[in-house]
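To start, the structure itself, in structure tokens.
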Amino acid sequence: MPNVTIQQLPKTPELKRALIAKITDAFVDAYQIPAETVHVWFDEHPADAYGVAGKLIADR
């Protein structure tokens with residue numbers, strides 16, 4: 001059973017639904033497994049919770 005974790009800024013439910021469908025389809029095609037075995041988790045962090053190049057994402 002594949003488990004996929006995506007770390008990202010918060011996104012809308014519509015965008016997450018679309019991404020989950022594409023990730024699931026990719027595993028079904030590549031591994032020839034049932035869609036029910038693919039688990040996708042979103043680990044969302046606000047823009048003030050991490051930084052890049054020495055700056056908070058919220059300050060960009």
Side-chain angles (χ1 to χ4, degrees):
M1 153 176 72
N3 292 298
V4 179
T5 303
I6 300 163
Q7 294 181 326
Q8 65 180 20
L9 292 170
K11 302 290 188 251
T12 66
E14 294 80 13
L15 290 174
K16 290 187 273 191
R17 283 185 193 102
L19 184 56
I20 286 172
K22 290 181 181 191
I23 289 169
T24 300
D25 289 345
F27 274 96
V28 168
D29 291 344
Y31 289 174
Q32 299 297 300
I33 57 175
E36 294 78 20
T37 65
V38 181
H39 296 209
V40 180
W41 298 84
F42 289 99
D43 185 11
E44 295 185 317
H45 302 277
D48 65 352
Y50 75 98
V52 173
K55 295 184 180 182
L56 279 175
I57 295 297
D59 295 339
R60 293 176 111 189

Distance-minimising heavy-atom pair for I33 and V38 = CD1-CG2, 3.9 Å
Atom NE2 in H39, atom CE in M1: separation rounded to 0.5 Å?
-> 4.5 Å
Kindly write out the residues that satisfy side-chain hydrogen bond (donor to acceptor under 3.5 Å, both in side chains) with Q8, not counting sequence neighbours, or none if the list is empty.
-> E44
Knowing that exactly one of I20, L19, D25 qualifies, which makes a side-chain contact (heavy atoms from CB on, under 4.5 Å) with I23?
-> L19
Please list all pairs passing the ring-ring contact (aromatic ring centres under 6.0 Å, His included) test where one or both residues lie in residues 3-35, with sequence neighbours left out.
-> F27-Y31
Nearest heavy-atom approach of A35 to T24 is CB-CG2, 3.7 Å
So do V52 and R60 actually touch side chain to side chain, heavy atoms under 4.5 Å?
-> yes
Within 45° of the six-membered ring axis of F42 and under 6.0 Å from that ring's centre, is NZ or CZ of K11 located there?
-> no
For the residue pair T37 and P2, what are the closest heavy atoms and their distance?
-> O-CD, 3.4 Å
